[in-house]
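In what follows, a single structure is set out as structure tokens and then discussed.
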Amino acid sequence: MEDKAWSKRTRYCGTLRRDDVGSEVTLNGWVQRRRDHGGVIFIDLRDVTGLVQVVFNPEISAAAHAAAGEVRGEYVLSCRGVVRARPEDSVNPRLPTGEVEVMAEELSIINTSLTPPFEIEEDSGVDEALRLRYRYLDIRRPDLRDSLILRSRVTGEVRGFLSSRGFLEIETPVLTKSTPEGARDFVVPSRLQPGKFYALPQSPQLFKQLLMVAGLDRYYQIARCFRDEDMRADRQLEFTQIDLEMSFVEPGDVISLMDEMFAHIFRAVLGVELETPFPRMTWHEAMARYGTDRPDTRFGMEIGDLSGSFASSGFKVFRSALDGGGRIRGFVVEGLAAPPRRELDGLVEEAQRLGASGLVWMVREGEGLKSPVAKFLSEEEVAVILRREDLPEGGVLVLAAGSAEIDPILAGMREYCARRFAPAPAERFSFVWVTDFPLFDWDEEEKRYKSNHHPFTSPSRECLEYLEERPLEVTSDSYDMVLNGIELGGGSIRIYDPELQDRVFRLLGLSREEAEEKFGFLLEALRYGPPPHGGIAYGLDRIVMLMAGRDSIRDVIAFPKTQSGADLLSGAPDAVYPDQLKELRLRPT
RNA sequence: GGAGCCGUGGUGUAGCCAGGUUAACACGCCGGCCUGUCAAGCCGGAGAUCGCGGGUUCAAAUCCCGUCGGUUCCGCCA
């Protein structure tokens, strides 16, 4: 190996300012760009803090100038020089360091680089697969680099905040036990106990409850979690939770502490003041007003029930919906007035894409209504609609008729309309709590109840008496935090009574034996004086994604996987050697 | 499991629907000129058998079928 002498930096590139003029600095960094004018050479030198222009003038140092001539993109340099103010007319206002430049006196090329497979620059529209294969180059781009810096600051603030509130950061096992309910587990074969398997945690749920039984009072962890399910823009096989649990609390205690934590993080990291407490609504209210349990409250277009207006309608679709016990619900589209026909057709198409059999639109035209169903409406029905104050001239009302199945369609239409017609929302971050979820959902396929949250969620006290009689009407002490229509996290107060836990397991169709086998250790712990406790878990990736203004959590994860679960950089997943399988007593299919 | 979109020099795109010249343009790359640029400029050059396989055709980047990869969504994700 040849000796590559180089000098350590005295400053970071992106930090130089007018105040530094006159000082001698040594910089270490990468070549963003070289501009060779024959006589003078400019190099933009980049490090984690940003970039600064370095000037190589042969009259100052012939050697440095000559060396700079050899330099190419992404070479690694060590450069000594003097900071000086740029000539008045060559200040670059687009750069934080644009008022200064470094007059190079000495340059050493620490390392060369191949020409990168794509240009290292902001907003590179480069194919994501290629970026993932060369992620270490992709991360050199400022937007990805800044997202990872942002992420680190968020976790730092979370740790600081929770620590200051008496939370202990405690690690829980990654090699753990497979449990029924929930997502598909990732499974790890045991060598020491052939034929047996660990599961990677879907969340540290059970362990954090045990820590409460253990009397640690307040726990948190920034925990990696694993779920072997299909991916989305906001879902990866492995992801990170901000997980926490508290003893002797009620829902309001967790909620208000989290209000405070988010206000703190947003202030510290983004300089954004959030108004607290965040609004709260029950699950029932969310479904009624928005058709979804994660409403985007940045805009209005609240869904109303117009069943009354059409109570005696002769229009067949409305008639049969109402006779079947359904409703007619809809909303007035914001930002859309007297639209052309194709826009209205687009609404119907979107509804059908969302799975609706149809969608009715009505446009106010003076004292009448334009609608494909206008001829089926009585004068009285038209009059009722026209009396609505929220329907201005040219305004568009969209309606769907049916039962619960129309909720997601209307929710989807609301999002579509917001995307397409609504002006940019005034509020950048609109938080809302959704509380009191149903304890159970009915699983039509398996013909049994399933936990809406998880099996350890406490039913609301007032529902206990009809738990077995009317399970679907039972609500729980649960709460989800929603930001801009994205679920950031959810939690609940847990069951701390072993008898009640038993009843819930039974309703879930878990026999005593199964419950004992799968969760016996928890049930046992609950017999040793568990405190009332509850907590919440957040998707860190989603939080950072929204704070960074990105559309995918891949943009805030250093080494994400593709939709097919591949790590294009390392090549995972991959086959293993037969010997490895043999050692694990596994046979390939 | 299902539906949609994308795949053309190193990168981003055009060409594809109406099959037929040497596959075009920009950026990047290489070389030359150039002492104030910052997306430097000017001149010159190299570089793609059009993701892969099959089919139709006298002829396929283009039409058809399949497949692979990426992506978005539905199912799934307590």
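Each chain gets a letter, A, B and so on, in the order its sequence line appears, and its residues count up from 1.
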Base, sugar-phosphate or nothing for [X]? Non-hydrogen atoms, less than 4.0 Å.
X        : answer
A:Arg94  : sugar-phosphate
A:Asn452 : sugar-phosphate
A:Glu121 : nothing
A:Pro455 : base
A:Asp127 : sugar-phosphate
A:Asp36  : base
A:Leu130 : sugar-phosphate
A:Thr562 : sugar-phosphate
A:Arg84  : base
A:Gln53  : base
A:Arg131 : nothing
A:Ser564 : sugar-phosphate

In whole Å, what separates the [atom1] atom of [N] from that of [M]?
N     : M     : atom1 : value
B:A24 : B:G31 : C1'   : 24 Å
B:G54 : B:C68 : C1'   : 14 Å
B:G66 : B:A3  : P     : 11 Å
B:G47 : B:C64 : C1'   : 32 Å
B:C42 : B:C63 : C1'   : 45 Å
B:U21 : B:C65 : P     : 25 Å
B:A46 : B:G51 : C1'   : 24 Å
B:A26 : B:G36 : C1'   : 26 Å

[X] and [Y]: side-chain donor and acceptor closer than 3.5 Å?
X        : Y        : result
A:Ser178 : A:Asp185 : yes
A:Gln236 : A:Asp541 : no
A:Asp243 : A:Tyr219 : yes
A:Asp441 : A:Asn452 : yes
A:Ser147 : A:Arg145 : no

With a 3.5 angstrom cut-off on both distances, give the Watson-Crick or G-U wobble partner of [N], or none if there isn't one.
N     : answer
B:G19 : none
B:G12 : B:C25
B:C5  : B:G70
B:C76 : none

Of the listed nucleotides [options], the one nearest the side chain of [X]:
X        : options             : value
A:Arg554 : B:U71, B:G36, B:C38 : B:U71
A:Pro117 : B:G10, B:C73, B:G36 : B:G10
A:Glu229 : B:C38, B:U35, B:C77 : B:C77
A:Gln563 : B:U35, B:C38, B:U71 : B:U71
A:Val126 : B:G36, B:G70, B:U11 : B:U11
A:Glu101 : B:C34, B:U37, B:C77 : B:U37

Identify, with sequence neighbours excluded, every residue that meets salt bridge (charged side-chain N to carboxylate O under 4.0 Å, His left out) alongside A:Arg133.
-> none

Given RNA chain B, 5'-ward residue of the pair A:Arg33 and A:Ser552, judged by closest heavy atom = A:Arg33

Taking the nucleotide of RNA chain B with the closest heavy atom to each, which residue, A:Gly125 or A:Val91, is nearer the 5' end?
-> A:Gly125

Counting only distance, no hydrogens or angles, is the base of [N] paired donor-acceptor with the side chain of [X] under 3.5 Å?
X        : N     : answer
A:Glu119 : B:G12 : no
A:Arg86  : B:C38 : yes
A:Asp230 : B:G75 : yes

Is the phosphate of [N], meaning OP1 or OP2, less than 4.0 Å from a side-chain N or O of [X]?
X        : N     : answer
A:Arg34  : B:U37 : no
A:Arg35  : B:U37 : no
A:Thr115 : B:G28 : no
A:Arg235 : B:U71 : no

Roughly, in whole Å, what's the span from [atom1] in [X] to [atom2] in [N]?
X        : N     : atom1 : atom2 : result
A:Glu415 : B:C74 : CD    : C1'   : 14 Å
A:Asp234 : B:U71 : CG    : P     : 14 Å
A:Asp480 : B:C77 : CG    : P     : 16 Å
A:Ile120 : B:C29 : CD1   : C1'   : 14 Å
A:Phe56  : B:C34 : CZ    : C1'   : 18 Å
A:Leu114 : B:C30 : CG    : C1'   : 15 Å
A:Leu132 : B:G70 : CG    : P     : 9 Å
A:Glu350 : B:C74 : CD    : C1'   : 13 Å

Going by the angle between their ring planes, with limits at 30° and 60°, are A:Phe505 and A:Phe519 parallel, tilted or perpendicular?
-> parallel

Between A:Tyr136 and A:Tyr134, what is the ring plane arrangement, given parallel below 30°, perpendicular above 60°, and tilted in between?
-> perpendicular

Would you call A:Arg298 and A:Asp296 a salt bridge, using N to O less than 4.0 angstrom?
-> yes

Kindly confirm whether the side-chain ring of A:Phe42 is stacked on the base of B:U37, judged by centres under 5.5 Å and planes under 30°.
-> yes

If we require ring centres under 5.5 Å and near-parallel planes under 30°, does A:His37 stack on B:G36?
-> no

A:Ser78: partners by side-chain hydrogen bond (donor to acceptor under 3.5 Å, both in side chains), with sequence neighbours left out | A:Asn28

